[in-house]
Amino acid sequence: MESWTEIKISVDAKDIDRASDIANVVVPYGIYIEDYTNLEQEVENIAHIDLIDEDLLAKDRNKAFVHIYLEPDVSPSEAVAFLSERYNAEGIKHSIELLDCLEEDWRNNWKKYFNPIEVGEKLLIRPSWRDDYDAGNRKVLNIDPGLAFGTGGHETTRLCLEMCEKYLKDGDSVLDVGCGSGILGIATLLLGADRAVGVDIDETAVRTAAENAEINGVADRFTAICGSFTDKVEGKYDIVLANIVADAIMFLSKGIKDFMKDDAVYIMSGIIDTRAEEVKASVSQYFDIIEEHLDNGWACFAARRAAVPNL
């Protein structure tokens with residue numbers, strides 16, 4: 001197979017939109033934008049997961065890159081000359097590299113940022129295309145997040161999974177409120193839960209969660225529901241999970257207690273440390289906090305229903 005040419009253009013992040021528009025004049029296809037300015041939010045919006053590779057989190061947020069891929073019969077020197085002329089005319093500071101690559105390489109370049117990661121003592125999260133891993137005695141959670149650049153070790157999900165591992169018992173029932181890609185509920189099934197329900201108001205998230213349950217062979221024990229959990233969910237559960245955001249946890253917690261068995265554990269994550277005390281004070285109206293973990297700016301709480309509400 002003939003080699004294509006990759007043109008890698010580095011610009012200040014603030015100029016990335018203009019830089020990519022100019023690049024589109026050179027070639028209207030095969031362009032790949034690397035912009036990490038709003039990495040966490042974009043991953044959440046696209047993939048409904050917050051597992052982001054540590055290498056990506058370390059990227060310079062002030063720089064962005066345009067990658068252009070030219071077919072073998074297109075002259076790279078002419079393309080570079082045109083780009084430099086246009087960028088200089090627009091006052092866009094830039095640098096340009098030329099690299100050789102095969103077509104299938106650029107189509108799959110984004111996948112190199114995904115690595116299998118160990119979580120807690122019992123889980124390995126594996127991007128579905130990665131076969132170069134050794135799970136040992138760990139349960140393998142397969143996930144295929146698509147073109148969303150993100151599976152690694154973000155604290156909110158990792159803390160939640162580690163807390164699940166501690167409190168989950170074989171045969172438990174699990175409710176995941178704001179389930180996103182379903183990763184938490186699916187993980188509990190791999191760890192020994194009997195059934196899990198994931199509920200989210202986002203239709204795309206619910207569809208993705210159902211697909212991920214299928215990929216992991218637990219679709220018969222996982223139910224994905226679209227809508228408000230107070231309207232759509234029935235029954236009581238041994239474990240209730242909420243890996244969302246501080247405001248949502250405070251808003252939903254009063255209703256969550258009605259879906260918990262007497263000795264159930266409520267695990268909350270996604271709480272930035274500056275809101276931790278506020279969240280704790282709010283949920284303590286209805287729950288007794290039994291454990292809390294803080295890691296790299298994020299908090300995770302485990303709680304049980306208070307015998308008498310602390311109102």
Side-chain angles (χ1 to χ4, degrees), residues 46-51 114 116-131 133 135-146 148 150-151 157-158 160-244 252 255-256 258-267 269:
I46 298 169
H48 305 285
I49 58 174
D50 62 3
L51 294 175
F114 290 75
I117 59 163
E118 296 179 349
V119 176
E121 299 296 322
K122 299 178 181 177
L123 274 178
L124 179 89
I125 299 176
R126 171 215 172 209
S128 59
W129 56 85
R130 291 291 295 267
D131 295 319
Y133 68 95
N137 294 322
R138 293 175 179 269
K139 299 290 186 180
V140 178
L141 194 163
N142 302 286
I143 190 160
D144 189 355
T151 174
T157 300
R158 183 174 53 76
C160 204
L161 287 170
E162 288 173 352
M163 205 77 92
C164 279
E165 188 176 296
K166 178 170 183 176
Y167 289 102
L168 183 76
K169 306 181 301 298
D170 285 349
D172 274 356
S173 57
V174 177
L175 173 63
D176 183 7
V177 178
C179 66
S181 66
I183 188 172
L184 294 176
I186 293 166
T188 64
L189 293 171
L190 296 175
L191 291 171
D194 184 58
R195 65 186 182 92
V197 174
V199 59
D200 203 295
I201 58 174
D202 187 320
E203 290 183 11
T204 303
V206 171
R207 188 167 58 250
T208 301
E211 290 169 354
N212 282 329
E214 191 74 40
I215 290 170
N216 285 278
V218 296
D220 58 328
R221 296 185 288 136
F222 182 85
T223 304
I225 298 174
C226 185
S228 166
F229 78 97
T230 52
D231 296 334
K232 300 287 187 177
V233 175
E234 297 179 348
K236 293 182 182 288
Y237 298 81
D238 299 291
I239 300 282
V240 178
L241 308 172
N243 182 25
I244 34 183
L252 295 173
I256 279 174
D258 297 330
F259 293 87
M260 297 173 64
K261 295 180 181 178
D262 290 342
D263 59 348
V265 176
Y266 175 29
I267 297 171
S269 193

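Note that these values count all heavy atoms, side chains included, but never hydrogens, waters or copies made by symmetry.
- Here the CD1 atom belonging to I186 is positioned 10.5 Å from the CD atom belonging to E214, to the nearest 0.5 angstrom.
- The structure places CZ of F229 at 8.0 Å from CG of D258, a figure rounded to the nearest 0.5 Å.
- Between R195 and T223, the closest side-chain pair of non-hydrogen atoms is not below 4.5 Å.
- Remark: side-chain polar atoms of D200 are paired, donor with acceptor, to backbone N or O of D202 under 3.5 angstrom.
- Between the side chain of E165 and the main chain of E121, a donor-acceptor pair closer than 3.5 Å is present.
- A salt bridge between E162 and R158 is present, with a side-chain N of the basic residue lying under 4.0 Å from a carboxylate O of the acidic one.
- Taking both residues in full, the closest heavy atoms of G185 and A196 are given as O-CB, 3.8 Å, listed atom of the first, atom of the second, then distance.
- Within the 4.5 Å cutoff, the side chain of L161 has heavy atoms near those of the L184 side chain.
- Taken to the nearest 0.5 Å, the CG atom of D238 stands 11.0 Å off from the CG atom of L175.
- Two residues are said to be in side-chain contact when any heavy atoms from C-beta on lie closer than 4.5 Å; I183 and N212 fail this criterion.
- A distance of 10.0 Å separates SG of C164 from CG of D172, quoted to the nearest 0.5 Å.
- Of the possible polar contacts, one joining the R221 side chain to the A193 backbone as a donor-acceptor pair under 3.5 Å is found.
- To the nearest 0.5 Å, the span separating NZ on K236 from OG on S173 amounts to 11.5 Å.
- The shortest distance between side-chain heavy atoms of L241 and T188 falls below 4.5 Å.
- Around CG of D231, the count of heavy atoms belonging to other residues, nucleotides or ligands within 6.0 Å exceeds 12.
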**Prompt:** Can I215 and I143 be said to form a side chain to side chain contact (heavy atoms under 4.5 Å, CB included), step by step?
**Reply:** CA-CA 8 Å; I215 290 170; I143 190 160; over 6 Å; no

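- The shortest heavy-atom contact between I201 and S228 is CG2-N, 4.3 Å.
- Across every non-hydrogen atom of L123 and A187, the tightest pair is CD1-CB, 3.8 Å.
- When all heavy atoms of L124 and E118 are compared, the closest pair comes out as CD1-CG, 3.7 Å.
- Atom OH of Y237 and atom NZ of K261 lie 10.0 Å apart (nearest 0.5 Å).
- Nearest heavy atom pair, residue K232 against residue G227, reads CG-CA, 4.1 Å.
- Summarising the local packing, NZ of K169 is surrounded by more than 12 heavy atoms from other residues, nucleotides or ligands at distances under 6.0 Å.
- Heavy atoms only, all atoms of each residue included: S269 and C160 are closest at CB-CB, 3.9 Å.
- A side-chain N or O of T157 and one of N243 form a donor-acceptor pair less than 3.5 Å apart.
- Exactly one residue among L189, V197, D176, N216 makes a side-chain contact (heavy atoms from CB on, under 4.5 Å) with F222. That residue is L189.
- At most 12 heavy atoms of other shown residues, nucleotides or ligands fall within 6.0 angstrom of atom NZ in K139.
- Counting heavy atoms from C-beta outward, R138 and V140 have side chains that stay 4.5 Å or more apart.
- Side chains of V174 and L168 form a contact here, defined as non-hydrogen atoms less than 4.5 Å apart.
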